[in-house]
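Below is one structure, written out as structure tokens, with a few remarks after it.
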Amino acid sequence: MKTETLNYRFDAYHVLPDSPQMQKDFLYVIASLKAKSSEPTAADVVRVAKLNAILPVEVEGFQEYPGRGLGGLVTLPNEHRPRAVLMGSREFLAECGLDIPAILEVTCRKWENEKNTIIVLAGWDSLVRGVLKFVSDPELAH
């Protein structure tokens with residue numbers, strides 16, 4: 001009996017505030033954390049960031065919490081001090097004390113109801129800044 005493994009590709013993201021600067025900052029954070037991780041979606045996130053002219057930056061104190069999330073200190077371009085950033089499941093970010101703005105909560109609920117979808121949240125400064133959607137890609141299945 002052959003077991004099919006689902007692989008997921010980075011499909012969409014929603015950031016708040018929805019500004020060009022926040023979109024850039026969000027891509028820097030998620031690409032930088034994912035570049036250090038062993039998660040299967042890491043290469044796809046870094047690829048999408050590079051398509052948007054964003055290269056991962058150094059992550060100090062990187063931590064991987066298997067099955068839950070990632071964390072570390074990221075210094076965004078044009079900033080002088082690092083920010084403590086987290087990305088992972090809704091439960092993980094809630095346990096870490098990050099609040100989800102109502103509009104991002106609506107996005108989470110909408111995407112969670114879609115089939116073959118994984119939702120990942122990312123944030124810093126006590127607030128979830130964005131939501132990522134990954135969808136299963138049958139072409140990547142093994």
Side-chain angles (χ1 to χ4, degrees), residues 3-142:
T3 304
E4 187 173 315
T5 303
L6 288 179
N7 286 297
Y8 289 83
R9 66 177 166 75
F10 185 25
D11 184 64
Y13 66 96
H14 180 189
V15 299
L16 195 67
D18 191 6
S19 68
Q21 186 61 52
M22 181 53 74
Q23 289 194 19
K24 283 179 73 171
D25 290 351
F26 187 74
L27 286 173
Y28 272 113
V29 166
I30 65 172
S32 300
L33 288 173
K34 286 287 196 176
K36 301 281 279 181
S37 86
S38 60
E39 293 179 351
T41 56
D44 203 34
V45 170
V46 172
R47 179 187 64 79
V48 169
K50 286 180 179 177
L51 288 173
N52 286 281
I54 303 291
L55 297 175
V57 295
E58 187 59 37
V59 178
E60 298 173 47
F62 176 77
Q63 290 286 317
E64 196 161 4
Y65 305 91
R68 302 184 53 172
L70 309 169
L73 298 172
V74 172
T75 303
L76 295 169
N78 303 319
E79 291 191 2
H80 300 289
R81 64 176 183 78
R83 294 175 182 265
V85 297
L86 293 165
M87 74 182 299
S89 68
R90 177 198 301 256
E91 296 78 19
F92 177 66
L93 269 62
E95 286 174 20
C96 294
L98 275 71
D99 292 322
I100 303 175
I103 195 161
L104 292 180
E105 181 69 38
V106 169
T107 299
C108 284
R109 290 184 189 281
K110 177 180 180 256
W111 287 350
E112 286 168 345
N113 288 323
E114 295 176 11
K115 289 186 178 189
N116 302 318
T117 302
I118 294 175
I119 306 302
V120 176
L121 290 75
W124 55 90
D125 297 337
S126 303
L127 199 59
V128 171
R129 303 296 177 150
V131 181
L132 298 84
K133 175 171 75 168
F134 295 91
V135 295
S136 66
D137 189 341
E139 293 180 19
L140 297 175
H142 293 96

[atom2] on [Y] to [atom1] on [X], rounded to 0.5 Å:
| X | Y | atom1 | atom2 | value |
| --- | --- | --- | --- | --- |
| Leu93 | Leu127 | CG | CG | 10.5 Å |
| Trp124 | Leu98 | CH2 | CG | 10.5 Å |
| Phe26 | Ser19 | CZ | OG | 12.5 Å |
| Thr107 | Leu132 | OG1 | CG | 11.5 Å |
| Glu58 | Thr75 | CD | OG1 | 9.5 Å |
| Glu112 | Thr117 | CD | OG1 | 10.0 Å |

**OP:** Please tell me if the side chains of Lys133 and His14 come closer than 4.5 Å, counting only heavy atoms from C-beta onward.
**Re:** no

Original post:
Are the side chains of Val85 and Met87 in touch, meaning some heavy atoms are under 4.5 Å apart?
Top reply: no

How close do [X] and [Y] get, counting heavy atoms only, and between which atoms?
| X | Y | answer |
| --- | --- | --- |
| Pro17 | Met22 | O-CB, 3.1 Å |
| Arg109 | Asn113 | O-ND2, 3.0 Å |
| Phe62 | Leu33 | CE1-O, 3.4 Å |
| Leu76 | Tyr28 | CD2-CB, 3.8 Å |
| Val131 | Cys108 | CG2-SG, 3.7 Å |
| Val74 | Ser32 | CG2-CB, 4.4 Å |

**OP:** Go through the side-chain N and O atoms of Asn52 and Gln23 and say whether any donor and acceptor fall under 3.5 Å apart.
**Re:**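 No, Gln23 and Asn52 have no side-chain donor paired with an acceptor closer than 3.5 Å.
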
Original post:
Among side-chain atoms of Glu64 and Ser38, is any donor-acceptor pair under 3.5 angstrom?
Top reply: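 Yes, a side-chain donor-acceptor pair sits under 3.5 Å.
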
Original post:
Does the side chain to side chain contact (heavy atoms under 4.5 Å, CB included) test come out yes or no for Leu73 and Arg83, once each step is laid out?
Top reply: CA-CA 5 Å; Leu73 298 172; Arg83 294 175 182 265; over 6 Å; no

**OP:** Carefully, step by step, assess Lys34 and Leu70 under the rule side chain to side chain contact (heavy atoms under 4.5 Å, CB included).
**Re:** CA-CA 8 Å; Lys34 286 287 196 176; Leu70 309 169; 4.1 Å; yes

Original post:
Is it the case that more than 12 heavy atoms not belonging to Asn78 sit under 6.0 Å from its CG atom?
Top reply: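 Atom CG in Asn78 is not packed in, count stays at 12 or less.
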
Original post:
Are Thr41 and Asn7 close enough, and set up right, to give a side chain to side chain contact (heavy atoms under 4.5 Å, CB included), and what steps lead you there?
Top reply: CA-CA 8 Å; Thr41 56; Asn7 286 297; over 6 Å; no

Original post:
Distance-only, no hydrogens or angles: does the Asp11 side chain make a donor-acceptor pair with backbone N or O of Phe134 under 3.5 Å?
Top reply: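 Such a contact is absent between Asp11 side chain and Phe134 backbone.
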
Original post:
Looking only at atom types and distance, does a side-chain atom of Arg68 sit under 3.5 Å from a main-chain N or O of Ser89, one as donor and one as acceptor?
Top reply: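 Side chain of Arg68 to backbone of Ser89: no pair is present.
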
**OP:** Go through Phe10 and Ile30 one step at a time and tell me if the side chain to side chain contact (heavy atoms under 4.5 Å, CB included) criterion holds.
**Re:** CA-CA 11 Å; Phe10 185 25; Ile30 65 172; 4.0 Å; yes

Subject >> From Val48, Ile54, Val46, residue fulfilling side-chain contact (heavy atoms from CB on, under 4.5 Å) relative to Lys50 >> reply: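 When Val48, Ile54, Val46 are each tested with Lys50, the side-chain contact (heavy atoms from CB on, under 4.5 Å) holds only for Val46.
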
**OP:** Go through the structure and list residues passing side chain to side chain contact (heavy atoms under 4.5 Å, CB included) with Ile100, not counting sequence neighbours.
**Re:** Arg90, Leu104, Glu105, Leu121, Val128

